[in-house]
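Notes for the one structure printed next.
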Amino acid sequence: MPEGHTLHRLADDLTTAFAGRPVVSSSPQGRFAAEAARIDGRVLESAEAFGKHLFVAFADLPSVVHIHLGLYGSFVITPDVGHPVVGQVRWRLEGAATADLRGPNTCALLAPPEVDAIVDRLGPDPLRADADPDLAWHRIHRSELTIAALLMDQKVLAGVGNVYRAELLFRHGVAPMTAGRRIPRVRWNAMWDDLCALMRVGVERGRIDTVRPEHEPEAMGREPRVDDHGGEVYVYRRDGQGCLICGTPIRRRDVAGRNLFWCPSCQRRG
DNA sequence: ATTCTATGTCGAA
DNA sequence: TCGACCTAGAATA
């Protein structure tokens with residue numbers, strides 16, 4: 001489930017569930033065993049997200065756990081404690097609750113300079129108060145690359161993935177293959193503001209909902225969408241189905257190994 | 001039983 | 001541009 005909203009939600013939930021108390025730390029699957037043992041019994045200080053990266057800090061330990069969920073990793077918190085391990089659990093934290101990490105791209109104990117290096121190469125994160133949209137604009141407005149590629153580039157924007165990309169482009173009527181330098185400044189400003197609002201909703205609900213109230217299933221007389229990612233969306237994975245606004249079949253195209261979805265009729269502008 | 005797919009990223013060809 | 005990688009559940013045979 002991992003776009004930026006997932007990691008920010010996770011940071012909040014981990015902090016709420018574990019912060020301020022010692023944790024039991026283990027690696028049932030074994031690949032994080034030595035590090036998990038160093039953490040065992042320490043007090044969890046905080047969990048924080050930057051884009052799709054999650055960092056968990058412990059008292060009296062300068063190093064920080066760096067987690068990246070990749071395409072299919074999950075970190076699930078359950079309120080009970082002591083239940084059996086099911087499947088491959090890279091890292092288990094137990095305190096007032098249990099948190100099981102599975103299938104992460106990365107789970108490593110990093111020294112502060114290494115953490116800084118990761119954060120420094122990320123573009124602005126719409127979910128962070130200190131984010132500066134001008135840094136993203138600076139890269140976009142001088143680029144020959146498509147806006148679809150730029151939105152996914154974590155050096156341009158941190159936290160946007162395949163769903164938010166497709167939905168943001170749809171909501172602003174932007175043709176995905178438009179070069180970054182053809183995006184007007186006013187358009188980018190509107191897209192940034194919208195992205196901040198959309199991703200906040202994502203954190204609150206724990207899913208990606210992008211459909212405006214007037215197009216929601218109840219208002220349109222259609223069934224709510226049921227899909228793996230769980231949200232109400234305009235174009236993501238709706239290829240072949242009619243656009244919720246104009247009825248034109250949604251298109252899908254493989255771009256750099258990822259599926260891009262868009263409405264060829266509603267999305268024509270730069 | 002096997003193959004496929006997924007909200008991601010890296011590095012080699 | 002392609003394969004590799006981390007895992008689970010759905011789809012296909």
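Chain letters run A, B, ... following the sequence lines, proteins first and then strands; every chain starts at 1.
DNA chain C lies under 4.0 Å from no heavy atom of any residue of residues 33-40 of chain A.
Using a 4.0 Å cut-off between charged side-chain N and carboxylate O, A/Glu35 and A/Arg90 make no salt bridge. Ionic pairing of A/Asp209 and A/Arg207 is present here: one or more N-O contacts between side-chain nitrogen and carboxylate oxygen are shorter than 4.0 angstrom. Using a 4.0 Å cut-off between charged nitrogen and carboxylate oxygen, A/Glu144 and A/Arg181 count as a salt-bridge pair.
The residue A/Gly161 sits close only to the backbone: its heavy atoms come under 4.0 Å of sugar-phosphate atoms, none of a base. Backbone-only contact: A/Asn162 has heavy atoms under 4.0 Å from sugar-phosphate atoms and none from a base. Residue contacts for A/Glu167: at a heavy-atom cut-off of 4.0 Å it reaches no nucleic acid atom on any strand shown. Across all strands, A/Gly257 comes closer than 4.0 Å to no nucleic acid atom at all (heavy-atom distances).
Whole-Å rounding puts the A/Leu122 CG to B/dG8 C1' distance at 13 Å. Going from atom CG of A/Leu71 over to atom P of C/dC5 covers 15 Å, rounded to whole Å. Rounded to a whole Å, the NE2 atom of A/His68 is 16 Å from the P atom of C/dT7. Remark: P of B/dT9 and CD1 of A/Ile118 are 12 Å apart, rounded to the nearest angstrom. Between the CG atom of A/Asp100 and the C1' atom of C/dA8 there is a distance of 14 Å, given to the nearest Å. Summarising the geometry, the separation between CD1 on A/Ile67 and C1' on B/dT7 is reported as 17 Å, rounded to the nearest angstrom. C/dT7 atom P lies 16 Å from atom CH2 of A/Trp91, rounded to whole Å. Atom CG of A/Asp239 and atom C1' of B/dA6 are 14 Å apart (whole Å).
Contact annotation: A/Lys52 side-chain N/O to B/dT7 OP1/OP2 distance is not under 4.0 Å. A/Arg237 has no side-chain polar atom (N or O) that falls below the 4.0 Å cut-off from OP1 or OP2 of B/dT5. Residue A/Tyr164 places no side-chain N or O under 4.0 Å from the OP1 or OP2 atom of B/dT7.
Rounded to a whole angstrom, the distance from the C1' atom of C/dT1 to that of B/dT7 is 22 Å. Annotation: B/dC10 and C/dA8 have their P atoms spaced 23 Å apart (nearest Å). Separation of the P atoms belonging to C/dC5 and B/dA13 is 14 Å when rounded to the nearest angstrom.
No side-chain donor-acceptor contact under 3.5 Å links A/Arg21 to the backbone of A/Ala17. Between the side chain of A/Gln154 and the main chain of A/Val160, a donor-acceptor pair closer than 3.5 Å is present. Not one N or O on the side chain of A/Gln88 forms a donor-acceptor pair closer than 3.5 Å with the backbone of A/Gln29. A/Asn162 contributes a side-chain N or O that, together with a main-chain N or O of A/Asn259, makes up a donor-acceptor pair within less than 3.5 Å.
Atom CZ in A/Phe32 sits 3.5 Å away from atom SG in A/Cys107 (nearest 0.5 Å).
Both A/Ile77 and A/Leu54 sit in one connected hydrophobic cluster of ILVMFWY residues. Membership requires side-chain heavy atoms under 4.5 Å apart, directly or through other members.
Distance from the side chain of A/Arg102 is smallest to C/dA8 among B/dT9, B/dG8, C/dA8.
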Could I get a table of every N or O pair under 3.5 Å where one atom is in the protein and the other is in nucleotides 1-3 of chain C?
none

Give each protein N/O atom lying under 3.5 Å from an N/O atom of nucleotides 10-13 of chain B, with the pair distance.
{"residue": "B/dC10", "atom": "OP1", "partner": "A/Arg121", "partner atom": "NH2", "Å": "3.4"}

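Within 6.0 Å of NE2 in A/His215 there are more than 12 heavy atoms belonging to other residues, nucleotides or ligands. Within 6.0 Å of CG on A/Asp60 lie no more than 12 heavy atoms contributed by other residues, nucleotides or ligands.
In terms of heavy-atom proximity, A/Tyr234 sits nearest to A/Glu167 at N-OE1, 2.7 Å.
Classification of the A/Phe55-A/His53 ring pair by plane angle, with boundaries at 30° and 60°, yields parallel.
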